[in-house]
There are 2 protein chains.
Amino acid sequence: MTATKQIQNLADKTFATLCSAIITGEIKAGSKISEPELSAQLHVSRASLREAIGRLEACKLVTRKANIGARVISLSQQSLLEIYQIREALEGMAARQAAENASHKEITQLHQLLEHHNKETQKINGARYFQHTGDLDFHYHVVQCSHNQHLINLLGKDLYHLMRMYRYQFGSVSQRVAPALEEHSYVIHAIQAGDGELAELLMRNHIRRSRDNIMTLISEPLS
Amino acid sequence: MTATKQIQNLADKTFATLCSAIITGEIKAGSKISEPELSAQLHVSRASLREAIGRLEACKLVTRKANIGARVISLSQQSLLEIYQIREALEGMAARQAAENASHKEITQLHQLLEHHNKETQKINGARYFQHTGDLDFHYHVVQCSHNQHLINLLGKDLYHLMRMYRYQFGSVSQRVAPALEEHSYVIHAIQAGDGELAELLMRNHIRRSRDNIMTLISEPLS
DNA sequence: TAAAACATAATTGTCGACAATATTTGACTT
DNA sequence: AAGTCAAATATTGTCGACAATTATGTTTTA
């Protein structure tokens, strides 16, 4: 899909490893990160490890205190709410700019993506598939269409990991797969029509509904 | 004003030093960063320096390529435009949440800040003062009032330095100090009234006007 | 003369060791 | 027995050195 990962240094690989481990919960949320322990476990020097930890801090997956060390962030409903509010603002703007800047080719790809997701969700376990990759995929592509490089970096590199972490660890499979897909369709049509104002409005509504859904699921744990 | 800077390690200090140097243009935009040179100049080991550079990368002041090194970002009109668009979305949301969450005390402080800025701009060179610190100050405080910690970090720690860099190096003194102060006043009143919808709208308009002003000044350099 | 290939120099990446700080352990006092 | 202080231990911060990669400059060749 995207360009193949170019050669990367040890710190990059270590960052990728830790990133997955934190997102999936293999390294527990709220736990302390021990440099000697991890450095031995990953067969990496502390220097490379520390650089990796620095990047984890940059994308908000860990917090660091001087002379004390790094901790994986703790998940909370409040924090998740804040992230959704930021996404509403940022992805709303992304949708607006996508309507202004997306090429014909990109719009075609958006339609294809939507169709692909529709087919996938008809299969068994489609809901889960959609929840874990499909939805983020759609949002990712809309952001790309904005052609706003700062926005792409902010959402794609900084907030993306956080969102995935919450999906993995908080993530009950959503009951609103069908409505979400329909809302995606509306957004795409507004983008295709070049109506930035409408695209922003629809995207914001979509994210707000998604947020409300998650929040009620969390505050009333049913299982 | 804010809490006094607590004890910090060498990497922190080095980051602060480089941050200023880059923002003010002492280290020229687009120039390459030589680790041996800087490490000797600042009397700091390369390890500490590299950690500082990592943080510069995190707040987008430098870009890094594997095995090649770090470069200070290049300033461009396009990039500045993108930053303003992100600020419009993010600070609009901040104003909305400030209207919902700000305490009476914080609102009083906003009024005091506005009054202070009004007085300052009546003095000689007030326009320059306002341009370089006052305006950012107001926006900073509104963001604080949102009580959204993620938003505060994103705007305050990540985007703040970038904005200052553009102000310093692109920054002709604005001709719209008075209108800007008036717009600030409107935003504060909406926040005080608890009208989030209006506060967001007013803040977005304010930032958009500020953006348009800068953009025309840049594309028609008058001096 | 221009371009390719090689050798040299400089820069970034990686590592282990030492110093400074924080945490734990344990003895001692009240 | 509980609390406090001090020594001991472990963790983070900092450094200089070596390895790998990239940039430079020279020579060789078409």
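All of these numbers come straight from a predicted model, not from anything done at the bench.
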Item to complete: Please report, rounded to the nearest Å, how far the P atom of D/dT24 is from the NZ atom of B/Lys32.
Response: 10 Å
Worksheet item: Can you check the A/Leu49 CG to C/dG16 C1' distance for me, whole Å?
Response: 14 Å
Worksheet item: Where do B/Ile23 and B/Tyr168 come nearest, in terms of heavy atoms and distance?
Response: O-CB, 3.4 Å
Item to complete: Answer with base, sugar-phosphate or nothing: what part of the nucleic acid does A/Ile53 contact at a heavy-atom distance below 4.0 Å?
Response: nothing
Practice prompt. Rounded to the nearest 0.5 Å, what's the gap from CG on B/Leu42 to CD on B/Glu37? Could you check?
Written response: 10.0 Å
Fill in: Minimum heavy-atom distance between B/Ala70 and B/Ile53, given as atom pair plus value
CB-CG2, 3.9 Å
Fill in: Short side-chain donor-acceptor distance under 3.5 Å, B/Gln144 and B/Tyr140
yes
Worksheet, complete the sentence: When every non-hydrogen atom of A/Ser146 is compared with those of A/Val143, the smallest separation belongs to OG-O, 2.7 Å
Pairs under 3.5 angstrom, nitrogen or oxygen only, protein versus nucleotides 13-15 of chain D, please.
| residue | atom | partner | partner atom | Å |
| --- | --- | --- | --- | --- |
| D/dG13 | OP1 | A/Asn67 | N | 3.1 |
| D/dG13 | OP2 | A/Arg50 | NH1 | 2.5 |
| D/dG13 | OP2 | A/Arg50 | NH2 | 3.2 |
| D/dG13 | N7 | A/Arg46 | NH2 | 2.8 |
| D/dG13 | O6 | A/Arg46 | NH1 | 2.9 |
| D/dT14 | OP1 | B/Leu10 | N | 2.5 |
| D/dC15 | OP2 | B/Ser45 | N | 3.0 |
| D/dC15 | OP2 | B/Ser45 | OG | 3.0 |
| D/dC15 | OP2 | B/Ser48 | OG | 3.4 |

